[in-house]
Amino acid sequence: MGGRALVQWEQNRDNAPDSLHVDLYAGGPAPAELEDVTFYQVPYVPSTQGVDERLDIIGRMPELRVLQLVSAGYEQVLDLVPDHVTLCNGRGLHDASTAEHTLALILAAQRELPRWAIDQRERRWTPSPQRSLADSRVMIVGYGSIGRAIERRLLPFETEVVRVAGRARPDEDVHGVDELHALLPEVDVVVLVTPLTEATRGLFGRREFSLLRDDALVVNVGRGPVLDTEALIAENGRIRAALDVTDPEPLPVEHPLWEAPGVYFTPHVAGGSAAFYPRARAFMDEQLARWAKGEALSNVVRPGR
């Protein structure tokens, strides 16, 4: 396939296709001429910035045939992509980064690392017994590629992992989400790593919190609206939470979640570690080569019609 591609990173010259003209665009003011762009990779920036010029310019690309995201989530662009455009995502690129961050959130919460950081700053020495990750039962809700990466990192810590997905997969020992309520009373940690869909919006709310034992931990590294923020705040510390995503996002300075007991969070940074960028660049090299040769693209989530 010929035409012009607009991507975030310069390609490896050894892999650059001769038949495709590639221009760089990393965000900010867009190039003036976009009429001949056939392949557009949306620059990767934190999704908290919402719909901005990176997405607005899609309407200025009449020849567009492929829209490539390097994020796993794609719900933010579905209404912006014409039916004839093939939509691809970055499935797999964030697995290692997100899994590492998930493990960090769990360990920080179990070992109260935020508390000790405050104590160090205030020169206060107040040791106390700590929770453990070992011998915990950890539920992963959204058992896909990231869920598998999280599980691989949890098992060496002597945990038991309970797998949950949208549908049961008995051959993989994966429970369906319809079993969620029956499983919740028996777990110590819940990890939410689902995409945001109409089925998952508000998936974890008052009913789900009520089924958890006291002092259980809920970790959200998926999308903020999967978890009901008001329901979490209403727990008033009975259930702890470690979040990389919030609803709303970014969190307004006056929002009560800032001071909710037993809750701490990071600003949607799980997927963007140093491990992500070289993997994303290598993936884009391969994807552009596939496009230039007319081969089937990777990670197609919605083919053009």
Side-chain angles (χ1 to χ4, degrees), residues 72-73 90-116 129-177 179-195 200 203-204 208-209 211-224 226-227 232 239-246 262-266 268-276 279:
R91 184 179 67 249
L93 300 180
H94 299 268
D95 292 6
S97 297
T98 304
E100 282 183 4
H101 199 83
T102 301
L103 187 61
L105 289 173
I106 295 173
L107 288 171
Q110 295 297 85
R111 293 293 185 161
E112 296 190 77
L113 298 188
R115 169 188 167 186
W116 306 129
Q130 296 297 294
R131 305 171 188 86
S132 178
L133 180 53
D135 301 329
S136 295
R137 181 174 291 158
V138 182
M139 175 189 287
I140 299 175
V141 182
Y143 190 77
S145 64
I146 295 177
R148 293 185 185 91
I150 293 170
E151 180 183 59
R152 288 195 296 271
R153 287 156 177 79
L154 284 171
L155 291 178
F157 283 82
E158 302 175 42
T159 62
E160 177 185 347
V161 173
V162 180
R163 306 163 176 173
V164 177
R167 296 180 182 178
R169 304 198 295 269
D171 57 324
E172 298 180 61
D173 194 23
V174 176
H175 300 272
V177 73
E179 301 177 69
L180 181 63
H181 289 175
L183 296 168
L184 283 173
E186 302 302 321
V187 300
D188 304 292
V189 180
V190 178
V191 177
L192 303 174
V193 67
T194 68
T200 63
L203 175 67
F204 215 90
E208 289 70 33
F209 281 117
L211 292 170
L212 288 171
R213 61 184 60 163
D214 291 352
D215 202 46
L217 174 67
V218 176
V219 178
N220 191 5
V221 292
R223 287 290 186 264
V226 171
L227 185 148
L232 172 59
I239 301 299
R240 298 171 297 125
L243 314 172
D244 184 57
V245 289
T246 62
V263 176
Y264 80 98
F265 46 84
T266 52
H268 203 151
V269 295
S273 77
F276 160 73
R279 297 177 188 214

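When each of V226, N220, V177, V164 is paired with T194, the side chain to side chain contact (heavy atoms under 4.5 Å, CB included) condition holds for V226 and for no other. Of the residues listed (T98, V219, I150, L133), the one engaging L103 in a side chain to side chain contact (heavy atoms under 4.5 Å, CB included) is L133, and it is the only one.
In terms of the side-chain contact (heavy atoms from CB on, under 4.5 Å) criterion, residue partners of D244 (sequence neighbours excluded) are, by chain and number, H101, L105, V221, T266, H268, V269, A270. With sequence neighbours excluded, the residues satisfying side-chain contact (heavy atoms from CB on, under 4.5 Å) with A275 are S97, S273, R279. Residues satisfying the ring pair (Phe, Tyr, Trp, His ring centres under 6.0 Å) criterion with F276, sequence neighbours excluded, are Y44, H94. A search for salt bridge (Lys or Arg N to Asp or Glu O under 4.0 Å) contacts involving R111 returns nothing, not counting sequence neighbours. For D215, the side chain to side chain donor-acceptor pair (under 3.5 Å) test picks out R131, R240, with sequence neighbours left out. For R163, the side chain to side chain donor-acceptor pair (under 3.5 Å) partners are Y143, E151, not counting sequence neighbours. Take E179 and apply the side chain to side chain donor-acceptor pair (under 3.5 Å) test, not counting sequence neighbours, and it matches H175. Residues forming a side chain to side chain donor-acceptor pair (under 3.5 Å) with R213 (at least two apart in sequence, or on another chain): D188. Partners of A149 under the side-chain contact (heavy atoms from CB on, under 4.5 Å) rule, at least two apart in sequence or in another chain, are D95, A99, R152, R153.
Counting non-hydrogen atoms of other residues, nucleotides and ligands closer than 6.0 Å to CD of E158 gives a total of 12 or fewer.
Pairs passing the side-chain hydrogen bond (donor to acceptor under 3.5 Å, both in side chains) check and including a residue from residues 132-142, sequence neighbours excluded, read R137-E160.
The minimum heavy-atom distance between V218 and L192, with the atom names listed, is CG1-CD1, 4.2 Å. Between L232 and F209 the shortest heavy-atom distance is N-CE1, 3.6 Å. Residues A108 and P114 approach most closely at O-CD, 3.6 Å, considering heavy atoms. When all heavy atoms of G73 and R223 are compared, the closest pair comes out as CA-NH2, 3.4 Å.
Counting heavy atoms from C-beta outward, V190 and L184 have side chains that approach closer than 4.5 Å. Side-chain contact between I106 and F157 is absent, with no heavy atoms from C-beta onward closer than 4.5 Å.
For the atom pair CG of L227 and CD of E208, the computed distance is 9.5 Å after rounding to the nearest 0.5 Å.
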task: Apply side-chain contact (heavy atoms from CB on, under 4.5 Å) to the pair L113 and Y264, showing each step before the final yes or no.
output: CA-CA 11 Å; L113 298 188; Y264 80 98; over 6 Å; no
